Number of protein chains: 2
Amino acid sequence: MNIGDVAARSGLPAKTIRYYEDIGLVRPQRDPNGYRAFREQDLHKLAFLGRARGLGFSIEDCRNLLHLYEDETRTSAEVKDIAQHHLDEIDEKIANLREMRDTLSDLVRCCAGDERPDCPILESLGSAPGKA
Amino acid sequence: MNIGDVAARSGLPAKTIRYYEDIGLVRPQRDPNGYRAFREQDLHKLAFLGRARGLGFSIEDCRNLLHLYEDETRTSAEVKDIAQHHLDEIDEKIANLREMRDTLSDLVRCCAGDERPDCPILESLGSAPGKA
DNA sequence: ATAAGGGTTCCAGCAACTGGAAGGTCAAGA
DNA sequence: TCTTGACCTTCCAGTTGCTGGAACCCTTAT
């Protein structure tokens, strides 16, 4: 399989696949003409990576998860640990975003959005964090 | 005011303030010795930027908001537009993260997290996206 | 005189790609 | 046979918003 096929079948852009090879996540063989030659297992790995990235795991997490995936002697505790950690981070991000959104939507709601210059959004940004 | 004072009073790291000057968000004067000399209005601008960044606005949004802040002929509609746009993006991010979290927390919940190798998390990453 | 604690510049690096340039390879059509 | 087009290759630069570090200057106190 050439990179184009793998891209189509994995859903990952060819650029990304090359990048993943660059950082050592996959090691496709090479045809005599220099083209990358992917086997089914490479494709499988890439699909794994695509799904892990889709869940927001960092590349380093992905690398570790992949190692565990291929390590018969892994323990599910190791995997769960990574996942739980990531889950906590996601929760934190959500909490942050929610706070931003709450503040921001208040401001947006209070702003007339007309042709006049008065604007509670700018007023809020312009002065001390008076909560509202 | 030297940069250290402004950092303390604005809550922004000195590095960040230099960076903001670099990209043209503030233009402090200079003392004869080369030190940046901030006036109250520079501090005010930086505090504005800090708050806008704290609400997640991009640097470019911040730049535009700052222009509007200083433009007496602005309309609140322009401001609201930027803010609403940003709000939409935040909502989208939250939705994405929530979906990740839901999937991930299901997987984490199903994983024994013990010394055995069987792991629903890896199984899920390893095969087609069978929803659960 | 010197040491501490400011300040300055510039360069590199982070994450995770993405875009583009310059060029090699291959299969098919005129 | 030549050429066209769609592939593929590498390498370099840019993205976002800083952050760390090196190497150096300025000021004040001891």
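A quick note: this is a predicted structure, and the numbers were derived from the prediction, not measured.
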Whole angstroms only, please: what is the [atom1]-[atom2] distance between [X] and [N]?
| X | N | atom1 | atom2 | answer |
| --- | --- | --- | --- | --- |
| A:I23 | C:dC17 | CD1 | P | 7 Å |
| A:D5 | D:dC8 | CG | C1' | 12 Å |
| A:D61 | C:dA15 | CG | C1' | 13 Å |
| A:D22 | D:dT10 | CG | P | 9 Å |
| A:D31 | C:dC26 | CG | P | 9 Å |
| B:E21 | D:dG17 | CD | P | 19 Å |
| A:Y19 | C:dA15 | OH | C1' | 6 Å |
| A:E60 | C:dC17 | CD | P | 12 Å |

Of the listed nucleotides [options], the one nearest the side chain of [X]:
| X | options | result |
| --- | --- | --- |
| A:I3 | D:dC8, C:dC17, C:dT8 | D:dC8 |
| A:Y35 | C:dA16, D:dG17, D:dC7 | D:dC7 |
| B:P13 | D:dT19, C:dG7, D:dT9 | D:dT19 |
| A:N2 | C:dC10, D:dC8, C:dT8 | D:dC8 |

Pair of N/O donor and acceptor under 3.5 Å linking D:dG21 base with B:K15 side chain: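 Checked by distance alone, the answer is yes.
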Counting only side-chain N and O atoms of [X], is one of them less than 4.0 Å from OP1 or OP2 of [N]?
| X | N | value |
| --- | --- | --- |
| B:T16 | D:dT19 | yes |
| B:N33 | C:dT8 | no |
| B:R63 | D:dT16 | no |
| A:R36 | D:dT10 | yes |

Under the salt bridge (charged side-chain N to carboxylate O under 4.0 Å, His left out) criterion, do A:E123 and B:R51 qualify, and how do the steps go? CA-CA 11 Å; A:E123 274 163 35; B:R51 283 186 285 266; over 6 Å; no
For A:R18, report the nucleic acid contact type (base, sugar-phosphate, nothing); a contact means any heavy atom under 4.0 Å. base
For A:Y20, report the nucleic acid contact type (base, sugar-phosphate, nothing); a contact means any heavy atom under 4.0 Å. sugar-phosphate
Nearest 0.5 Å please: distance from the CG atom of B:D102 over to the CG atom of A:L55.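 So the gap between those two atoms works out to 11.0 Å.
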Working to the nearest 0.5 angstrom, can you tell me the gap between A:L49 CG and A:C62 SG? 5.5 Å
Residue pair B:E92 / B:N96, side-chain donor-acceptor N/O under 3.5 Å: no
Report the relative orientation of the aromatic rings in A:F57 and A:H86; use parallel for angles under 30°, tilted for 30 to 60°, perpendicular for over 60°.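 The arrangement is tilted - the two ring planes meet at 30° to 60°.
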